[in-house]
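Source: prediction; values computed, not measured.
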Amino acid sequence: MSPLPPGVAAGACFFFTVATTRQHAVLTDEMVRVALRRAIVAVRAARPFRIEGWVLLPDRMHAIWTLPAGDADHGARWREIKRRVTRLVGAHYLRADGRPARGRDALWQLRYEQRRVAGAEELARHLDFLHYSPVRHGWAARVRDWPYSSFHRHVAGGRYPPDWMEGQVG
């Protein structure tokens, strides 16, 4: 097993923002959602991680994962998820010049943002940010109206009330 990167604890929790190339609004397309779900299931079977929260916006997604103890390799997981989604649906999306996209050019920005989440309080702040994103970006009037979010799972688990943040400016 390779050593962990400097400053990263084993079994750490991370917040991610993964965006589409040129901010194409395709991630909520049914074909992409299905491919993404399949890719995540396959990658988690091979390289487990716990999903703390997730929101899918048309041009980006935010996710919070906790990796197993002794494993900090989120990069390999994201590369494999992106590769699998691109393999399944990339040919259906066109580049700016109208030609079918190939490889990374199909859907994803090459890099993604990540930051380590330290502790329960910081996790709660990141979950709030993640779940409020559809409202902040104008995709939904209320958090509960956005279907592509772990918010609904967290409501069922008692973390949020169904009307969380309604009538407030986030």
Worksheet item: Restricting to pairs with a member in residues 138-151, which pass side-chain hydrogen bond (donor to acceptor under 3.5 Å, both in side chains), not counting sequence neighbours?
Response: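 Found H131-S150, R142-D145, R144-E166.
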Non-hydrogen side-chain atoms of [X] and [Y] separated by less than 4.5 Å:
X: W54; Y: I40; value: yes
X: R47; Y: D73; value: yes
X: E113; Y: V18; value: no
X: W164; Y: D128; value: yes
X: P161; Y: V155; value: no
X: H74; Y: Q114; value: yes

Fill in: Residues H154, L127; criterion side chain to side chain contact (heavy atoms under 4.5 Å, CB included); working and verdict
CA-CA 10 Å; H154 285 282; L127 283 168; 4.0 Å; yes
How far does [atom1] of [X] sit from [atom2] of [Y], to the nearest 0.5 angstrom?
X: T17; Y: M61; atom1: OG1; atom2: CE; value: 10.0 Å
X: L56; Y: R37; atom1: CG; atom2: CZ; value: 9.5 Å
X: L36; Y: L107; atom1: CG; atom2: CG; value: 10.0 Å

Discussion item. I want to know whether W78 and W65 have ring centres closer than 6.0 Å.
Written reply: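 Yes, the ring centres sit under 6.0 Å apart.
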Worksheet item: Any chance the rings of H62 and F16 have centres within less than 6.0 Å?
Response: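 Distance test on ring centres: not under 6.0 Å, no.
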Worksheet item: Distance under 6.0 Å and angle within 45° of the ring axis: does R44 meet both against F49?
Response: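 The answer is yes; both the distance and angle limits are met.
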Practice prompt. Can you spot which of R77, R83, K82 makes a salt bridge (charged side-chain N to carboxylate O under 4.0 Å, His left out) with E80?
Written response: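 Only one option passes, and that is R83.
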Worksheet item: Strictly by modelled atom types, are Y132 and H137 linked by a side-chain donor-acceptor pair under 3.5 Å?
Response: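 The criterion, which ignores hydrogens and geometry beyond distance, is not satisfied for H137 and Y132.
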Discussion item. If we count only N and O atoms by modelled type, under 3.5 Å, do the side chains of R136 and S133 hold a donor and an acceptor together?
Written reply: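 A donor-acceptor contact under 3.5 Å links the two side chains.
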Worksheet item: Linking I/L/V/M/F/W/Y whenever their side-chain heavy atoms sit closer than 4.5 Å, directly or via other members, would I51 and L130 fall into one cluster?
Response: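 As far as the 4.5 Å side-chain criterion goes, L130 and I51 are connected within one cluster.
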Discussion item. Applying a strict under-4.5 Å side-chain criterion to I, L, V, M, F, W and Y, I'd like to know whether V34 and L88 cluster together.
Written reply: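 No, separate clusters.
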Item to complete: Identify the residue among T21, T86, T20 that makes a side-chain hydrogen bond (donor to acceptor under 3.5 Å, both in side chains) with W108.
Response: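 Result: among T21, T86, T20, T86 is the only option passing the side-chain hydrogen bond (donor to acceptor under 3.5 Å, both in side chains) with W108.
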Discussion item. Among residues at least two apart in sequence or on other chains, which ones pass side chain to side chain contact (heavy atoms under 4.5 Å, CB included) with V117?
Written reply: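 Counting only residues at least two positions away or on another chain, V117 forms a side chain to side chain contact (heavy atoms under 4.5 Å, CB included) with C13, F15, E122, L123, H126.
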